[in-house]
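Quick note: numbers below take in every heavy atom, side chains included, and nothing from hydrogens, waters or symmetry partners. Note on naming: letters A, B, ... go to the chains in the order of the sequence lines (proteins, then strands), and numbering restarts at 1 for each one.
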Amino acid sequence: MTAAVTAPIIRLEAVSKTYDLPRAGARGAADRALNVVYDLSLDVQPREFVSIVGPSGCGKTTALFMLAGLREASAGRIEVCGRPPREAVRAGLSSVIFQQPVLFEWLTAEENVLLPLRMRDARWWAWPARRGRYLAAARRALETVELSGFEHYYPDALSGGMQQRVAIARALTLDPQVLLMDEPFGALDEITRDRMNLELIRLAEARGLTIVFVTHSIEEAVFLSDRVVVMSRGPSPATGSSVVRVLDVGLPHPRQLALKEEPAFFQKVREGREALRQTQGVA
Amino acid sequence: MSADAAPARPAARPGPRVRLPVAELRSWAIFGALAVAAWEAASRLYGQPYLLPAPSAIAAEFREHWPLVLGYAAITSQEIVVGFLAGALAALLCAMVFLRLPRLVEDFLYRVIVTLNSTPFVALASLAVVWFGLGLQSKIVIAGMYTFFAVLYTTHKEFISVEVIREQLMDIYNATWWQRIFLLKIPSALPIIFVSLKGGVMAAVNGAIVGELFGAFEGLGYMILDSRYVGNTVRVFLAAVFCTAIGWLLLGAVTLAERLLLPWHVSMAGRR
Ligand SMILES: Nc1ncnc2c1ncn2[C@@H]1O[C@H](COP(=O)(O)OP(=O)(O)O)[C@@H](O)[C@H]1O
Ligand SMILES: [Mg+2]
């Protein structure tokens, strides 16, 4: 899968991030800078599934937000679909799933899903005429996440897993090529999470999505991904980069739950764990 | 199918549907009847109708002078409703404009408003009568001012405290300034705006009455002042009863609007 026949769809070149917000107790200017991501380089191929794992606070969310154009990189270069990340996301080429579903509780499931379409159209007076057509698109998106019949539900009346599915449907309405996901299933119970993982794999397959998936679970990362990027808090002593290791998973597709019982799977998880353990010595 | 997706009920739109709250009305009627009965009994036992007139005496006063009283009530209601609507609308617009202003100007205006907000309104109200005369205008201005401050402070605060991640969602979808206002800020602030509107209604009632007390030829506040001069306590009570009734009706109207507009809100749970 890593054999680069095509051009990468996502490129990170020596990306670093320094937050310079004042922190409690900060005195001088030097105290105010907080380095989070160090020298991160990564190419992601079209249709590839890449996970980022690492201890909490190592900058996974920061890295993903930089890919989504929600944070500016302090150094280095980022390209998504050949454009700066912010442009890619605004053009609907990439889309983001947050840790929480971030649904608007005053809108029903289908209205939440068609929000991106609605915001594309600055002419609000034309909206009522288009609503019908867009609603059909929203319903199709809800169908792909198996939420048919729940179109008229308010988020409050949906379970956590269902809410996150609505968020996925919303992210899919603009038909993106890249999906950026920040611990999307972190708040779900294990059974629901397994099910969502399988659905995500099916969706990625069916739509030819490229996915960057942040998680703190090495098992989830190995199960889902073609490659797993292990990040540390602070630069790794050997390379000076946040990336400790990039693990080629190389397990057969399509992934099924039975895979989780196989020695090859355990082996990869163990490799990942070892890499993660290396991160712990680092500040 | 996992446990997570099993539809427990058939999909039904829990849309805005307002039923007459029969049980609620009934319990209010019972409460009202009991209160009136207790008041009547207390008044008769006390035996000083000048200090505590009985409800029956107030009702008799109303029967005798109802055209005048209803006329005054209509005038005061007009002041309250117009003042309330104008004040609330001005507050919402102001809160929106604030978001468009440079930080420094916003900070300054905010301070002005906090300062005005903590000035005793009664002092300002007496000025309004000087500036706008003894007619309806000055009362509308006062009622509007009371409402304006009650609503603006809260709305502005809600507008600027929208969750960062929701703003980021708007960034992602390239929302315009207006889309942020109408698709995110207003709907997410609405529950709190309604709380402040309910406070605003009562503030408008107070404002209109205070205005009339400072100088007027007509209205319930005028009736209170006038009756007190001539020692007609019964009529003071009659005016107070009407003020309360107007406040209740308007509160009911705002609550109705809330139920229509916020069918999704948690406080409506169990009502849908
Ligand atoms: N907006 C911000 N301003 C300042 N510091 C931040 C900001 N966002 C995150 N951080 C800091 O950056 C570090 C990494 O955060 P984050 O990217 O959320 O890590 P992770 O997602 O791996 O848990 C943390 O120490 C956090 O406190
Ligand atoms: Mg995180």
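Atom CH2 of B:W178 sits in a sparse spot, with 12 or fewer heavy atoms from other residues, nucleotides or ligands closer than 6.0 Å. More than 12 heavy atoms of other residues, nucleotides or ligands lie within 6.0 Å of CG in B:L34, so this atom counts as buried by the packing criterion. In A:Q100, the CD atom is crowded: over 12 heavy atoms of neighbouring residues, nucleotides or ligands sit closer than 6.0 Å. By the neighbour-count criterion of 12 heavy atoms within 6.0 Å, atom NZ of B:K157 is sparsely surrounded, having that number or fewer from other residues, nucleotides or ligands.
Interface remark: A:S95 contributes side-chain atoms only to the contact with chain B (heavy atom separation under 4.5 Å). Using a 4.5 Å cut-off between heavy atoms, A:L158 makes no contact with chain B at all. With a 4.5 angstrom heavy-atom cutoff, A:L103 touches chain B only via backbone atoms. Neither the backbone nor the side chain of B:L190 comes within less than 4.5 Å of any heavy atom of chain A. For chain A, the nearby parts of B:Q168 are the backbone and the side chain; heavy atoms of each come within less than 4.5 Å. With a threshold of 4.5 angstrom between heavy atoms, A:R170 approaches chain B through its backbone and through its side chain.
Nearest heavy-atom pair across B:R166 and A:W106 is NH1-CZ3, 3.5 Å. For the pair A:R118 and B:Q179, the tightest heavy-atom approach, listed with the atom from each and the gap, is O-NE2, 3.6 Å.
Looking only at side-chain heavy atoms (C-beta outward), B:Y173 and A:L115 stay at 4.5 Å or farther from each other.
Without hydrogens or angle criteria, A:R120 side chain to B:A175 main chain gives no donor-acceptor distance under 3.5 Å.
Note that CG of B:N174 and CE of A:M119 are 9.5 Å apart. Values are rounded to the nearest 0.5 Å. Going from atom CG of A:L70 over to atom CG of B:D171 covers 6.0 Å, rounded to the nearest 0.5 Å.
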